[in-house]
Protein chains: 2
Amino acid sequence: MAPEPERTQKSRERILDAAADAFMLHGFRETTIDDVAQSIGATKGLIYYHFRSKLDILLAVYERGMERAEEKVQPHAQDSASPAERLRAMSVAHLVNIMTFLGYHHVIHQAVREQNSAAVKPRQREALDRLNEQRSQFEALFRAVIEEGIAEGSFRDADPALMARTLLSSINAVDNWFRPRADQSAEEIEELAGQIVDLILHGIR
Amino acid sequence: MAPEPERTQKSRERILDAAADAFMLHGFRETTIDDVAQSIGATKGLIYYHFRSKLDILLAVYERGMERAEEKVQPHAQDSASPAERLRAMSVAHLVNIMTFLGYHHVIHQAVREQNSAAVKPRQREALDRLNEQRSQFEALFRAVIEEGIAEGSFRDADPALMARTLLSSINAVDNWFRPRADQSAEEIEELAGQIVDLILHGIR
DNA sequence: GTCTATAAGCCGATAGAC
DNA sequence: GTCTATCGGCTTATAGAC
């Protein structure tokens, strides 16, 4: 538990941020380690000091992204509001987080889609399995609130698992088309996220 | 316009089907031309007889996928039913098509996400632009019906462009998790597609 | 901690035989 | 039309200097 030197932590984070953006912009395989290094004004050597392989960087980005997602959504899952209000708050928090850390979430979706792509070593497979498990627990947060809402009679009586999955993948899909504009404030993003979430939660009627 | 020999056509189609599946399973860049060739019991030579480059295969898959999507959805856009009924019929037709030709649509979404990835030659850039244009006209089909529904008062009064985009990306996102089971009949897929579309169109209430 | 230099493997693409 | 053989370029990862 000895705290790492500050410079070490900072280099690590700069690499993660740069890698997330590069992986989003060009795809994992198309991004070279040299690209990532160059974009933070360093060379390959630095990267390989902090990470054992390119795939390990991807896994670290995945982990950091899930960490933030849970941090933002958890609190709303447990407060005292009604299921409908909680589900909306969770959805907006999740979407705002996606829109704010686009690169990280783009990487997560890439990773989920292309699990069998690269050569995954046993150690990495373990980490990947842990992350996928974390992801399905994240989905369970939403499913639980949906089940409450159904029991209570305020939600439609359909398969909660299908509802949770449809809801989450609809929200996640926003990262396919949303790109922040330079002049867009945090408030504007929150406002847009609210509109989109209402469309998803209430449909078109 | 001289019709090509039958064998030529058939090889071309087998390559497209195999490539779509391989690109879905392993990603575009991770798939080698040797993989595609081997999966149809042929060698690289055959592929390069029919296609000039790997990217050209991707573009051909994209093209074929859009062709089918339009074929299935167009008829429902123009019939005499109400906007709500037409929008549902279009959505179900689109989703069933995605679920049936998963590989093709997975490739389309990959291509859309990673436009700037590979080195795109001018001739290919032209083809890609044409396909993107075709894609936005496909979206316009949905937007037009939504606008009708709003004007008529049966849909919610929100931004039609945002509604169409949210609807389509929600439907498209299904290809991230849906995988057909061997024992799943066409009727069961249609039934599931209907459920999902209703969730997306009407929300959770 | 970070850099330079290089090894080692892989893959897209082509040439030419059949 | 399809196959075999091969080139050339690129990229991950490592070794070792500073």
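What you see is a predicted model; the values in this text were computed from it and never measured. Proteins come first, then strands; the chains are lettered A, B, ... in the order of their sequence lines, and each starts at number 1.
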Side-chain N,O ([X]) to OP1/OP2 ([N]) below 4.0 Å:
X: A:Ser11; N: C:dG1; result: no
X: B:Thr8; N: D:dG1; result: yes
X: B:Thr32; N: C:dC10; result: no

*Nearest nucleotide by nearest heavy atom, which residue falls closer to the 5' end of DNA chain C, B:Gly45 or A:Gly41?*
A:Gly41
*Relative to the 5' end of DNA chain C, which residue comes earlier, A:Lys44 or A:Tyr49, by the nucleotide with the nearest heavy atom?*
A:Tyr49
Quick one: [X] [atom1] to [N] [atom2], roughly how many Å, whole number?
X: B:Asp34; N: D:dT2; atom1: CG; atom2: P; result: 17 Å
X: B:Gln38; N: C:dG12; atom1: CD; atom2: P; result: 13 Å
X: A:Phe51; N: C:dT2; atom1: CZ; atom2: P; result: 12 Å
X: A:Leu55; N: D:dT11; atom1: CG; atom2: P; result: 18 Å
X: B:Ile57; N: C:dA13; atom1: CD1; atom2: C1'; result: 12 Å
X: A:Glu30; N: C:dC10; atom1: CD; atom2: P; result: 19 Å
X: A:Arg29; N: D:dT12; atom1: CZ; atom2: P; result: 8 Å
X: B:Arg12; N: D:dT2; atom1: CZ; atom2: C1'; result: 17 Å

*Look up atom CZ in A:Phe101 and atom CG in A:Asp21, then write down how far apart they are to the nearest 0.5 Å.*
11.0 Å
_Is it true that B:Asn172 and B:Ser169 share a donor-acceptor pair across their side chains at a distance under 3.5 Å?_
no
*Looking at B:Glu133 and B:Arg130, does any basic side-chain N land under 4.0 Å from a carboxylate oxygen?*
no
*State which of C:dG12, D:dT12, C:dC3 makes the closest approach to the side chain of A:Leu46.*
C:dC3
*Spell out, as yes or no, whether a donor-acceptor pair under 3.5 Å connects the side chain of B:Lys54 to the backbone of B:Thr31.*
yes
*Is the number of heavy atoms from other residues, nucleotides or ligands within 6.0 Å of CZ (B:Arg14) greater than 12?*
no
*Indicate, with a heavy-atom threshold strictly under 4.0 Å, whether B:Thr43 touches base, sugar-phosphate, or nothing.*
base
